[in-house]
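Since we're looking at a predicted model, the values are computed, not measured.
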Amino acid sequence: MYRYDQYDQAMVDARVAEFRDQVARRLAGKMNDDQFKPLRLKNGLYLQLHAYMLRIAIPYGTLNSAQMRTLAHIARRYDKGYGHFTTRQNIQFNWIKLAEAPDILADLARVEMHAIQTSGESIRNISADPYAGAAADEICDPRPWAELLRQATSFHPEFSYLPRKFKIAVIAADADRAALRWHDCALRIVTDAAGVQGFEVYAGGGMGRTPMIAYKIRDFLPVGEIFSYLQAILRVWNLHARRDNIHKQRMKILVHTLGEEAFRAEVEAAFDHILTLGSDFPAAEYDRIAAHFTPPPFAEGLDDAIDRSDPDFARWVDRQVVAHKMPGYAIVNISLKPIGGIPGDVSAEQMDAIGDIAERYSFDDIRATYAQNLVLPHVRKADLFAVWQALKAAKLADANRDQITDIIACPGLDYCSLANARSIPLAQKIAARFADPATGDDIGDLNIKISGCINACGHHHAGHIGILGVDRKGIENYQLLLGGSGAEDISAAKITGPGFDEDGVVDALERAVNAYRAQRTPGERFIDTYRRLGMDGFKEAIYG
Amino acid sequence: MAEILRLRDDAPPAAPVFALDAFLDEPGARAVRVEAGEDVTRLFPHLGRIDLVEIAFPRFRDGRGFSSARLLREAGYAGELRAAGDVLVDLIAFMRRCGFDAFAPDAPLDGEDVANALSRFPFSYQHASDAAVPIWKLRHG
């Protein structure tokens, strides 16, 4: 993985000193809360319902065991003993004191971590394929480009007071494990007929109250020009976006208003100009970064056999383990969705355990996924049983990946000051209702995604089944949506009809699932049946 | 308005400041104020006669002026580039990198805070409209 040099460390250390000074000036009354708010947000610090929340960047979802143990330390020392992995491959701590936030950032800087631009109207932490460097289907590791762009977009002087947040994702496979086109700017590395790598560039995606899927703005961009192209996109948006209504300032709205062709023409004109400025990083810098992502020292000639004699282990292997590009190795998915648990929550003890397991069995490499789970990317198949036992001892061996109980949920009204409704108790009720593993296996792949408000942190637009919590005359009400996807078959979910109360939406969801089970053809997933039958195939079952 | 903070050595421009449309109608004008949302590229044919461009920041969250400043510097404008309005100390370092060399804040800035802000970051990750050498260049000589 990438390691800081003296420059990276100096920048992060300067950021800690800057934020310490900003907090001191705020506490001394030298700036008001309105002025302080964007500064703390650029350091990941939100004011929630009960306390400050700190969102820490996990660049492109990659971290090592020392970093995981530092997160455990933060959970113990500054929080209530746990943390929450988010839908953008980051981690949040929910019980932070403002005065201690600079100390936390200093602790993070010691293990090459930070909270820079994890919130606010800035270029956010860049997300990527969590299987990068391990996936059998990737054409290259996308993370060197993500790291290059992390540096290029950190403290960018022109784009630190943007109209709204700006999210970037990078992948290098046909399979999409990063919700690619739900981002403001989505990059997919492809090769042309001559075998040369370039970027497919998508622009104008985003969830929130106006869900839009990014459109392809460029078929093929030479890799070395990506920073110029990105700056062109940002400059066009920064100059032309509305500034009078925060709900209309995301780039997707500008793309929609101008039209795809006119937006592309503006970007291409800006790009022609910016290319002349010499701001693109040279190939030598890409090579320096890429050298940090060379494959770990895999053993050659390992056996692919797995002893499946323990049925619980075999079931876990079937659900949680996927193909690795190296013979004899596997990618292990760690479920953070135990029945009755809070999606994405991990205790300090579990963080320590994961660090230990990764260090011993996965070349010290851990990944976070947008589905709020974790990944050990490089495990020997011969070690899978030992890994499973270690995970079981840490209560991390649930086998429900992509099943009905693998629910994405935002923190909701239990924590968030923006929320209209609770998300976590609803996720727990749904998981409890479908807790029987045999039921999960029978239903098959089904992504449920729950947001406690229109801002859509729980990705409800991208759920095979989405649930959106709203406030209806002071009472929590839940809308049910069907047909969304965050994968390569991306689509936006549609609302079924009138909303439900908390118990009512669980019943309605069960009726939708039963309608699928009654109408599916062999091999069809829920989303496939929905796409074949449309909403009409489910509406009567849901509303009777 | 508080006093103007200038990071230039030349004499402050004394010419009257015109609004953008008025400036374009007045061939003898040498100083212009650009409001947020106005298109600075309209000034490009006239850069040779301009001593001062003042770019308005009506609210500190409105970052359009950062791009306007860079467009002017990238077009070769070398006169005074002044950020005017809701200019807060935590914006100054970014403004400097975008080519601003004078600041007319609505509320006075603390001199020590300004000095800290301008010297805080020892390096820069990327090229901008200042003399800073990007880190990638330092790495590779």
Contacting moiety of [X], where chain B heavy atoms sit under 4.5 Å:
X	answer
A:Arg25	side chain
A:Ala284	both
A:Arg242	neither
A:Asp13	neither
A:Lys37	side chain
A:Ser160	side chain
A:Glu285	both
A:Leu277	both

| task | Tell me, out of A:Thr153, A:Asp34, A:Asp21, who's got the most heavy-atom pairs with chain B below 4.5 Å. | result | A:Asp34
| said: Using a 4.5 angstrom heavy-atom cutoff, name the option from A:His240, A:Gln6, A:Gln22 with the most pairs to chain B. | reply: A:Gln22
Close contacts, [range] versus chain A, judged by heavy atoms under 4.5 Å:
range	result
residues 67-79 of chain B	B:Ser67, B:Ser68, B:Arg70, B:Leu71, B:Glu74
residues 21-28 of chain B	none
residues 112-125 of chain B	B:Asp113, B:Arg120, B:Phe121, B:Pro122, B:Phe123, B:Ser124, B:Tyr125

| Under the 6.0 Å and 45° cation-pi test, does A:Lys42 pair with A:Tyr161? | yes
Taking side chain as C-beta onward, heavy atoms only, is [X] less than 4.5 Å from [Y]?
X	Y	answer
A:Phe155	A:Ile116	yes
A:Arg209	A:His247	yes
A:Ser119	A:Leu45	no

| Relative to chain A, which segment of B:Asp39 carries a heavy atom at a distance below 4.5 Å: side chain, backbone, both, or neither? | neither
| said: So for B:Arg59, is it side chain, backbone, both, or neither that comes closer than 4.5 Å to the heavy atoms of chain A? | reply: side chain
| Between A:Phe227 and A:Phe281, how do the two ring planes meet: parallel, tilted or perpendicular, split at 30° and 60°? | perpendicular
| Under 3.5 Å side-chain donor-acceptor pair for A:Tyr2 and A:Gln151 | yes
| query | Restricting to pairs with a member in residues 80-104 of chain B, which pass ring-ring contact (aromatic ring centres under 6.0 Å, His included), not counting sequence neighbours? | reply | B:Phe57-B:Phe100
